[in-house]
Every structure is written in C-alpha cells, then in structure tokens.
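Take a look at the structure set out below.
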Number of protein chains: 2
Amino acid sequence: MNRPSALTADLSLMRELNRALVLQLIRREGRISRADIAKHTKLSRSTVSSIINDLIDASLVTETGIGTSKGGRRPIILEFNYQANYIIGLDVSRNAVSAVITDLNARICSRRQISFNVNDGPTVGMPLIKQLISTMLTESPVGRGRISAIGVGVPGPLDFRNGRTIAPPVMPGWDNVPIREELSQTFRLPVSIDNDANLAAMAEYRWGAGQGAQNMVYLYMSSAGIGAGLIIDSHLFRGSIGSAGEVGHTTLSVENDESFGPINAGSLEALASQITVLRLAREQKLISADDDVHTLVRKAESSPEIQAILRRTAHYLGVAIASIINIFNPDRVVIGGVIPETSPLLIETIRATVARRALSIAVNNTSIVPGALGRNVAALGAAALATERLFAPPALERPATLGVHSNEVGSLAS
Amino acid sequence: MNRPSALTADLSLMRELNRALVLQLIRREGRISRADIAKHTKLSRSTVSSIINDLIDASLVTETGIGTSKGGRRPIILEFNYQANYIIGLDVSRNAVSAVITDLNARICSRRQISFNVNDGPTVGMPLIKQLISTMLTESPVGRGRISAIGVGVPGPLDFRNGRTIAPPVMPGWDNVPIREELSQTFRLPVSIDNDANLAAMAEYRWGAGQGAQNMVYLYMSSAGIGAGLIIDSHLFRGSIGSAGEVGHTTLSVENDESFGPINAGSLEALASQITVLRLAREQKLISADDDVHTLVRKAESSPEIQAILRRTAHYLGVAIASIINIFNPDRVVIGGVIPETSPLLIETIRATVARRALSIAVNNTSIVPGALGRNVAALGAAALATERLFAPPALERPATLGVHSNEVGSLAS
DNA sequence: CATGTTTGTTTGTTGTCTTGACAAAGTACC
DNA sequence: GGTACTTTGTCAAGACAACAAACAAACATG
C-alpha cells in the first residue's frame, strides 16, 4: 500500500519529467545556456526553450547575462534562482531546538536556537517548537511569503506513513505525536519530517563530505545517540517501517564458543556514544565535569589516556561499520558528530579496524571520511529534504532489476 | 558514469512506460479484461485497447475467452502468453552446472545437470558450459527460435559493469573472465549474469517465500558458502561494486574489552557454512563420510549432538541476520539452502537469536521464513532475472527523496 | 564583406492520450 | 416481451508535448 504505485504516463507527466530534468541540470551546472541544456538532455532546442519559459515564469530560473561565443551567436546564461524560495529547517535534539532558514542552495541566511528539554514531553515541547517557527517566520530577513516549506528532524524512528513519532526511547512521552500534521495545519506549509541521522546524511550527501557518492552510509554520533542514514542511488533508504540504519541498539556480538547468550557488553550506543566517551573521561578525571566534547578532543592531543578511550570507541564504531560495509557495499562512509569531525585519531582508528574486519574488495572501494558540515548538519538536512521535495520529479516504477545484462540484443517489450 | 542517466521523456517513452505498465498488470493479475486494466492503470479504455492490440500483435498477450457480466456486456478475458518465449537459466556451482528451460512464468519444462569442477578453471569450464547450453537449445521440447534469453548464476561477486568474474575465492582461476560477452556472442542471445545468492533471492521473491515483501533479505546457505541477496522495493540491490550482501566473510565480532585484535573465530562462512556443519558432524562420527545434508537433517531428529551443532550454526546465522535487520529493516528474511529449508530446529533457533539481538521494533515487523523453491532456486533465479530484463520498463530517475511529506500543499515544480 | 557557426525562435508535423459518442451485448424490472 | 440501465469495446475529434526544419540574430574568420 505504501509501495509507490506505478504512474500512468501522459503528456503532463512527460512535461513534468522533462522540466525536472532541466531544473536538476541547471541546479547542478550552475551557469548554462539553452543550447547546452539541449545537448546534455538530448531534448530539442525548441523544447528546451519552451520549458525554460515556464521556469522563468515561475521565477525558478533567471537569465543572468551573456556568455562567450563559441564561433557564433553568444549564449544567454541561465542560472537557478536560489533565492526564489526559502526553507525552514529544524533540528530537535535532547536539550535544544535549532532552526535555520536557507535558500534553495542551503545557504543559511538566518539561524536561531532555543533551549529545550525533550523530557518535558509534547505538551510543553510542541508549543516551543511552534513558537520558534513563528519567530523565524516573522523576524526573518526574507518575507514570510517567500518561505515555502518546513523540514523537521527528530532523534529517533518515525512512522513515515503519517509523520508521527513512534515511542522513541530518547523521547519519553513523545509516542505517536502527529508532528507533521500539526505543523502543517498551523503554518499552512508543506512539512517534511525525518529522523536526525537521515537528515544529516541527506545534507552531507548534497553539500558535504558525501558529494558525488553513489551509495553512502552516514554514521551520526550525536548528543542523543548513534544512528545511521543510508543513501542508495542518491536516495534515502528508510527500510520497511522506517528503522533502517538504527545501528545504535545493536548488541556488538561479544561471545565465545562456550556460551550462547550475549555477554553483557551492551549496545553500540552504550559502548561508543558521545555520552559514554565523556563519562569515561570524567570518571578517570581526564576532563572536568563541565568540559564538553570540544575540550575533550583538544585535550586528547596531550593525553594518552583520552587517546585510549578514543581508540576503544573508534574500534567499536569500526566493527559496526565493517558490518555495514559487508552488507551494503557503499562507496563512501561519512562519520558525523563533533568528535569524528575534529579528532583525526578517531577516523584513523576506525579505518584500521574496518580494514581488518570487512571484505577487502568492498573496503578498497570505500572511502571513510569525517563529516564536513559541522554543528548545523541536521537542521541543514531538514531544509535539504524539504527542498528536494519541492523539485522531485514524479515517482515512476524503477526498472524491474538492476542485474547484469548484455545489451547486444533488444528487449521484447520495446 | 554508471549512474542511470535520467532519460528524456518523449512520446515513444510514454508508450513504452504504459505498455510495460499494462504488461506487468496482466502478468500479476493473470486473467483480466481491457476495462479492468483501464480501471487499475487509470488509462482510458481506448488507450488500453490500442496497447493491447500491440501486445497481441507481439503475441505477448492472448484473448482466452469471455468472462461473466457485471450487469452489462461481458468482458473479453486477456491472459499473458507465458509460452510466447522461453528462457534458459544456468547455475554454476562448485561441482555441477545445472540448467533449466522455463516459460515466462518460471514453469520448468526442461532440466539438465552436468558434473563440473570449478577448480579446472575457465579453459575447461567454459566449453562445458557452452556445451550444456547447446544441448539445451537443440534438445529442448520448444524450438530453438522461441528461446529468447539466457541467465547465468555464478558463486561469487561480479563486476556488473561488464559481466566479468572478479577473483572469487571459491572460483580459483576464474579471474576476469568475460562470461557474459562470450555466451552472448556464441549464442546471439541476451545474457544476464549475477551471483547465485542474488539470483536465488530474485526467484524466492517472485515465486517463492518472498512474494509480496517490500524489502527482503535472502540468506543463501549453498554448498559453496554463505551469501545474501537484498531486494529493495522489488529490486535487487547490488551495492557500489556488486558486493552487497557478501556477509560470508564477515568476522563475527568476537572479542573482549582487553584486546582489540579479532580473536581468531573466523568468518561466518567458516563457522556456519554447510561444509562446516558436515565436517563437525563427521568429526564427531554422527554421520558417515558419504552422508549428505539431507541425511544429516533426518538424523538430527534423533541425535541431540547433531541438534547441538545445528543450534550453534543457527546462532551464528542469527547474529548475522540481527545485524542485517538493524541496518536494513526488511519486512521479510528468507533463508535458503537444504538445511534451512528442511530443518525446523534451525529456523526456530535463528528466530530466537534474532529476537534477542535485533531492535525490537524492526524484529516485530520482520518474518523469518525458510526458502520454498528447493534445489533449483538459483537456476530459476537466473531465468527470472533474464525474464525481468525482457519486460523491464525504461529506467527513469527515481524521485529525489523518499522522505516524509505533508501533501496538503502542492509542490513548486508542478 | 562574404562565409560559416552558434544560439534561440517560429512553424508545421507526428505521435500519444483523452473525451465524448456510439454500437454491441448483457442485466433488471415491469 | 419490452424498456431502461450497465458494461465493454471501438471510433473520431481534439489537446498537447516533442520534434524537425526553416529562419533570424549575433558572432568569428578570412
């Protein structure tokens, strides 16, 4: 039922597809002429002209000047109008809600953060969230009318059929809250919602360390826990009920041949989360009680004890990543969060563990890199998701297989 | 590069899409009238008529009778002509090559097997494979002219850009052999090639225990090792270089807090493969040297020692499956191979281990079942892949996201 | 200045789907 | 049996999107 039903093709669909095709090309290329679009897309010049007229009328594209001649008439340069619309991106974490307003190219033009306690539950939390959105809408440098979508990230899995939270352990009291519906009705804007790891993955994929990847795994070491976002052929993969990538609760298989029950080594989250790292360092008096992760990473340079903690953490992460690589065969693994993004030691140790534990063919074709977008990843991703939604071509049936074929003989169906 | 370049939409594409749409509906429904097709596809009745005429001309569809009235004129029943073409499916295993000829609905109408030693390398092996195909072509009950595609399964990963083997450990000497090209040129037929686990997954998904699933994981316990095939939204997922699902070489994480190196517990394949199970049973004199897996499963009923071996094996498999479920969130896990398909103990133990080790939300939405197709799965899958290829609609760009959206407000691009 | 090239637009053609009308063949009810 | 209504399938007319070819504008080259 949730399966994307195959669309019937008619003329309007054709137009939609070609318009999306042209639009995506312009977004990717930046500056391009009608003639070049025709060459890239293999559409005729007249068709391109017609589509461009539509897009200019919708003010999604603008003519920004005249290019240089290639031996004939000079081309008119077209550019995507990134300021045609603006998007609000929200990131709900355990103790704060941060919001950004971005243009269609993820340039942040406004940013705001409120403190927040997720444990207060939705009756306290939802009004705060709405209040923040309201403030962003009214006080933003761009007019309210030009903000055209809202994206929201929450820590934990969602029922993605109706945009409700589902009993997330990190969000006590937030069971089955129709966040999407409420916000959509209050603000009369399209609302996209997803969990923070997925959104951060989206952001890194489009604008950060994941650019150009085909299949990407994003591991998110946030203040709330550890999650993963999977991107397959440029698209977020959520699994059957939306819990794909929930690696945080995996018990790292720790056992020996004699006993079958899991030795109580706990979950990946318990062993390798940011909270655990801080706790261990504090217990050993390596940092003070109010030092944060940034301090920890800085002090690590001169502290072999902290380095040992980080190595151990990295090792656990590496084991999880090795499993993911064997199963998933991504060409890039991006590891996000303050510690991975600032501590070279962590990344290097992860690489070493993965090299030992994953299938060598797969490892050799996978680069493991830290995230590149810093503190606002998830909010940016929320904006990214909402943006993508605005320009998504219609969903069509994918080809029935992705197998290996000889193309020397035509298909029957053609 | 390999990324499916977005197709430009024109009138012929429109027709192709709609034709594929109608064809798939007929294949799925079995018996259906033009009017019902129009209702399901939301195409107009006249368009459906036109498309059906094309399909009847191509003899892919036939009018097979008159249905019952629903208060008006009685409908003409259309059926897919499963005997319009036939497919050869090959399964290359370590010590045999088996082949089937199937109609377009996977009904086997001819079957043959030759003994084979994969260690002899391609100079000996390829002629044998070609010989087998030749025999199937000439001696088949259907004429050679009606066989329209060949599918091949090999044990091990492939470079799926050019259909060559890539240094599979189980196929020494078979590095970089252009199997697809050779067969395609020799027999002048389209050739599809893939690894056996992927093909078996395909077969179970279409005709076996995976029917109706959305995201399916297939674990294949073959004589050559352990592999997995992943099906996402009805389509095989192969990863970036085609090694997705290669779980066999994963080192089951066995370690304790003191040491970081992997304790030499070996790979999943070493711990839980069919070969290992047989070896353990033989070492303990529980079966004789020439007993096979069928005997083993039968004797297990009265042998607590064999049961212990199976429980242990199931436990290892369960650990691997739990990881896969956490990462992938499938709604079905199918476990294929002789032992899983005949030993209830194995499946039940796997279920128990998975229930303890995987995220409960995900486990509750995942059914774990044995394979249903028996010994010819992989060959059937090879035929399935080749068949799908014949009727695959053209590849279009997928929508940019699969995120969660409010549909209350339209998109900009429409 | 003549020639050729590149860019963008205009015009007429083609192919596909849809709409609405229609015939054929049935049911339901009087 | 007759009339009204349904359902199925076909046909002709119209809409629409892309294409091909011709054309105009603007430029490079010799």
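To find a chain, count down the sequence lines: A is the first, B the second, and so on, and within it residues start at 1. Source: prediction; values computed, not measured.
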Using a heavy-atom distance cut-off of less than 4.0 Å, which residues of residues 67-78 of chain B contact DNA chain D?
K70(B), G71(B), G72(B), R73(B), P75(B), I76(B)
Under 3.5 Å, is there a donor-acceptor pair linking the side chains of S46(A) and S49(A)?
no
Which residues pass the salt bridge (charged side-chain N to carboxylate O under 4.0 Å, His left out) test with D36(B), not counting sequence neighbours?
K39(B), K70(B)
What pair of heavy atoms forms the shortest contact from I51(A) to R19(A), and how long is it?
CG2-CA, 4.0 Å
Treating primed atoms plus P, OP1 and OP2 as sugar-phosphate and everything else as base, which nucleotides of nucleotides 16-21 of chain C get B, S or - for protein heavy atoms under 4.0 Å?
SSBB--
Closest approach of H235(A) to D233(A) (non-hydrogen atoms, all atoms of both residues):
CD2-O, 2.7 Å
Looking at residues at least two apart in the chain, or sitting in another chain, which of them share a side chain to side chain contact (heavy atoms under 4.5 Å, CB included) with R73(B)?
none
Are any of the side-chain heavy atoms of L230(B) and L236(B) separated by less than 4.5 Å?
no
Can you list the residues that meet the side chain to side chain donor-acceptor pair (under 3.5 Å) rule with S140(B), with sequence neighbours excluded?
none
Contact span of DNA chain D against chain A, any nucleotide atom under 4.0 Å from a heavy atom, 5' to 3', runs dC16(D) to dA28(D)
Go through the structure and list residues passing side chain to side chain donor-acceptor pair (under 3.5 Å) with S69(A), not counting sequence neighbours.
none
Residues passing the ring pair (Phe, Tyr, Trp, His ring centres under 6.0 Å) test with F80(A), sequence neighbours excluded, are Y82(A), F391(A)
Got a sec, which residues hit side chain to side chain contact (heavy atoms under 4.5 Å, CB included) with R146(B), two or more places apart in sequence or on another chain?
Q83(B), Y86(B)
Results of salt bridge (charged side-chain N to carboxylate O under 4.0 Å, His left out) for E63(A) - residues two or more places apart only
R34(A)
Expected rows: protein N/O vs nucleotides 28-30 of chain C N/O, under 3.5 Å:
none

Would you kindly give the CD1-to-C1' distance between I32(A) and dG8(C), to the nearest whole Å?
15 Å
Going by the side-chain hydrogen bond (donor to acceptor under 3.5 Å, both in side chains) test, which pairs reach into residues 51-62 of chain B, not counting sequence neighbours?
R15(B)-D54(B)
